[in-house]
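In what follows, a structure is listed as structure tokens, so that the remarks can point back to it.
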Amino acid sequence: MNKISRYILVFITILAASVALPELYWLAFEKPINAPFTMYSSQEHDFFMIKREQGETVRVDRKGNEYTRDEFELKLPMFFSRQLALNGTLPDSLNGVALDLHEISRARSSFRFRARDMQTPTPELYPLFESESGRANLEMPTDFFRITHRMEFLDAATNTIDERKSQMFTTVLNNRDFNYPAKMIAGIPTTRKSCDEGYFVVDSKDMMYHVKMIKSEPYVRKIEVPDGLTFRHISCVDFSDKKYYSYLISEDDGLYILTQDVYEFIRWPFDALQPETDELRIYGNLFHYTVITRRPGYQKAMALDTEYNKVDEFTETWKEREETKQGKIASFIFPAEMRLSVPTTNFIDFYGERTKKFNWVFLNLFLVLVQIIIIRRTKLKMQKNILDLVIVGITGIYGFIAVNFFQNKFFD
Amino acid sequence: MIKSIVYKEWIKTRWFLLILTILGLLAVGNIFLKVQHYITFNEAHNYWYLVLFQNQQYFKGLKFIPLVIGLVIALVQYIPEITNKRIKLTFHLPINENKALLMMLGYGVAVLLLSFALLLIVFIFLSQHFFGAEIVHSALISVTPWFLAGLAAYFLSALVVMEAIWKYRIAYFLASAAFILFFFEKGMAGAYAPLNWKLAVLTLLISLSMTFSAYRFRKGEM
């Protein structure tokens with residue numbers, strides 16, 4: 001039992017060291033890696049980027065030509081319209097369309113999705129706003145709903161179920177053939193939005209429903225989803241142009257929009273998204289959408305016109321952390337790194353990552369030699385320490401620390 | 001024999017156990033006084049909103065309480081044993097040495113579980129009074145690692161205290177401290193859902209760890 005308890009302690013120490021040592025290393029030596037900020041110019045019909053190089057902000061086009069700030073902003077009138085209007089340099093028209101600041105800002109949208117928006121604990125209770133209260137501002141309701149074996153409203157002040165309201169909504173859901181429980185509930189649960197469009201609810205058989213409350217009455221609409229199309233994530237949006245309710249990511253990683261009022265699913269011609277790891281940014285304006293998906297060391301930008309047809313695309317790569325000087329040194333020290341939190345998910349777990357190159361093999365072998373010397377010097381029997389050597393050989397610096405913290409000295 | 005070992009452990013720990021548990025209960029009470037105070041001034045649905053969507057963690061006052069209880073109980077239970085090497089008397093008792101140690105450990109675990117259960121029951125009861133089941137559930141996921149940390153800290157403190165050589169005592173302490181950090185990672189309410197069972201298994205595994213330093217102690221490794 002004493003030997004088992006030693007190996008348990010060695011194991012725990014390896015685990016703790018594989019989290020703590022890389023964390024300390026990167027805390028001390030990590031340097032920022034700046035991903036470029038890419039925009040599609042509706043005037044030049046080309047991509048432009050803002051980058052950080054050697055601590056300096058540089059503005060370039062796709063060919064690498066540098067621009068001053070003023071020149072750069074003139075190339076991108078849809079992104080810098082307010083600044084250009086202030087300077088008096090906003091063009092009167094672009095692509096044959098007269099430019100008006102109000103119209104520009106109405107058509108402008110900005111959206112960001114991170115993998116952790118999808119991989120996150122869900123609240124399971126949501127506020128259902130009154131969509132047509134006749135008031136200028138939305139008000140936070142005093143109850144929250146859940147959809148489990150029925151739709152229930154829970155009053156916060158008394159922490160009890162509002163039976164009347166729950167039955168009213170459940171009856172309507174039943175009439176629309178809702179299959180309990182809800183698999184996904186997506187909406188914008190805040191009063192800080194222009195208007196309320198309720199929630200998009202996916203039932204247990206992947207049917208989609210639009211659920212709202214209008215003048216205290218339920219509004220439930222079953223949405224026709226094309227056969228076989230199921231979604232893994234829905235992000236509702238509140239853009240001034242009111243063209244669509246939400247961005248949706250399908251099971252096969254397609255990017256869709258759900259159009260306002262007519263409930264049509266339109267797939268955008270954008271197939272580079274890996275939603276488990278990527279960050280997605282979408283910037284819309286009068287003429288184009290710039291869609292960008294980004295992961296460490298890589299991004300793909302695509303320009304779509306307002307009919308969602310592909311106009312242009314541009315892929316960029318840069319050095320990720322592993323390829324920097326600090327990353328290379330780390331690859332000689334750590335055979336793997338373990339983290340409890342990673343940027344791609346809000347869940348805490350053991351996230352291990354093996355070091356890509358095998359540079360650490362040298363240190364591991366060296367530490368095995370050191371361990372053999374330690375065993376010799378302390379006059380321990382070699383055959384009883386084989387397992388220790390194997391541990392050091394595999395786990396390197398972590399195992400070396402662990403087996404020496406908890407000495408293999410038994411008297412039998 | 002079992003009775004006398006339990007009685008000896010009880011004499012060592014009773015006051016600390018009682019006072020810490022009472023302080024823990026007061027801390028739990030304080031959490032809900034704060035909740036009630038906020039609700040009185042800002043209405044319940046606004047507080048629920050903060051908890052559900054703004055990551056307001058009403059339970060965060062609990063964070064280090066089980067850890068402190070686990071640590072203190074381990075210290076008051078095992079420091080007297082190594083003072084003047086009194087534990088050697090226990091090893092001369094006519095029972096298996098590991099069995100005697102595990103009985104001491106079993107006593108510690110039992111009283112800790114009792115104390116933690118009391119805190120948890122009061123916490124759950126009051127949570128259910130103020131919040132819906134979903135909120136209570138994600139709060140429980142978040143406080144679980146803190147209670148496991150109390151047990152893990154108890155086992156690892158026993159290990160550190162029973163080690164006779166200072167050099168190794170410091171090494172054990174460093175390894176233990178790095179491990180205990182696993183239980184206190186910052187995150188959203190409910191974020192620990194995938195890790196909790198793994199932490200529970202690890203905590204169960206290290207429950208045996210103290211026998212390692214006790215073995216070294218009685219074999220005269222010092």
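Just so it is clear: chains get the letters A, B, ... in the order the sequence lines come, proteins before strands, and each one is counted from 1. Side chains are part of it too, since the values below use all heavy atoms of this structure and drop only hydrogens, waters and symmetry mates.
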Using the six-membered ring wherever Trp is involved, compare the ring planes of A/Tyr199 and A/Phe145 and label them parallel, tilted or perpendicular (cut-offs 30° and 60°). perpendicular
Tell me, for B/His129 versus chain A, whether the close heavy atoms (under 4.5 Å) come from the side chain, the backbone, both or neither. backbone
If you measure from SG on A/Cys195 to CG on A/Asp238, what distance do you get to the nearest 0.5 Å? 5.5 Å
Need one label for B/Ile39: side chain, backbone, both or neither, based on atoms under 4.5 Å from any heavy atom in chain A. neither
For the interface with chain B, which of A/Leu125, A/Leu154, A/Ile161 has the highest count of heavy-atom pairs at distances below 4.5 Å? A/Leu125
Working to the nearest 0.5 Å, report the span between CD of B/Glu43 and OG1 of A/Thr142. 8.5 Å
Please tell me whether B/Phe183 and B/Trp146 form a close aromatic pair, meaning their ring centres lie under 6.0 Å apart. no
Do the rings of A/Tyr247 and A/Phe111 sit parallel, tilted or perpendicular, given the 30° and 60° boundaries? tilted
Contact origin within B/Leu159 toward chain A - heavy atom pairs under 4.5 Å: side chain
Between A/Phe29 and A/Tyr25, is the gap from one ring center to the other below 6.0 Å? yes
Contacting moiety of B/Ser138, where chain A heavy atoms sit under 4.5 Å: neither
For the residue pair B/Phe59 and B/Phe123, categorise the inter-ring angle as parallel (less than 30°), tilted (30 to 60°) or perpendicular (more than 60°). perpendicular
Between chain B and each of A/Pro127, A/Ala20, A/Ala17, A/Pro141, count heavy-atom pairs under 4.5 Å; write down the option with the most. A/Pro141
Quick one: what part of B/Leu102 sits under 4.5 Å from any heavy atom of chain A, side chain, backbone, both or neither? side chain
Which atoms of B/Tyr47 are under 4.5 Å from chain A, going by heavy atoms: the side chain, the backbone, both sets, or neither? neither
Measuring from atom CZ of A/Phe200 to atom SG of A/Cys236, what distance do you get when rounded to the nearest 0.5 angstrom? 5.5 Å
Can you tell which of A/Asn404, A/Thr13, A/Leu340 has the highest number of heavy-atom pairs within less than 4.5 Å of chain B? A/Leu340
Measure B/Ala189 against the heavy atoms of chain A and call it side chain, backbone, both or neither at under 4.5 Å. backbone
Aromatic centroids of B/Tyr58 and B/Tyr38 separated by under 6.0 Å: no
Under 4.5 Å heavy-atom distance to chain B, tell me which part of A/Phe347 shows up: side chain, backbone, both or neither. both
Chain B heavy atoms under 4.5 Å from A/Leu9: which part of the residue, side chain, backbone, both or neither? side chain
Examine whether an atom of A/Thr345 lies under 4.5 Å from a heavy atom of chain B, and if so say whether it belongs to the side chain, the backbone or both; otherwise answer neither. neither
Heavy-atom distances under 4.5 Å only: say whether A/Tyr126 touches chain B with side chain, backbone, both or neither. both
Out of B/Tyr192, B/Phe130, B/Phe182, return the one with the most heavy atom pairs under 4.5 angstrom to chain A. B/Phe182
For B/Leu67 and B/Ala153, which heavy atoms make the closest approach, and how far apart are they? CD1-CB, 3.6 Å
Identify the heavy atoms of A/Ile14 and A/Ala402 that sit nearest to each other, and give their distance. CG1-CB, 3.7 Å
At a heavy-atom separation under 4.5 Å, does B/Phe179 approach chain A through its side chain, its backbone, both, or neither? both
Contacting moiety of B/Asn46, where chain A heavy atoms sit under 4.5 Å: side chain
Proximal component of A/Leu15, with respect to chain B [non-hydrogen, under 4.5 Å]: both
Structural part of B/Lys186 lying under 4.5 Å from a heavy atom of chain A: backbone
Under 6.0 Å between the ring centres of A/Tyr180 and A/Phe178? yes
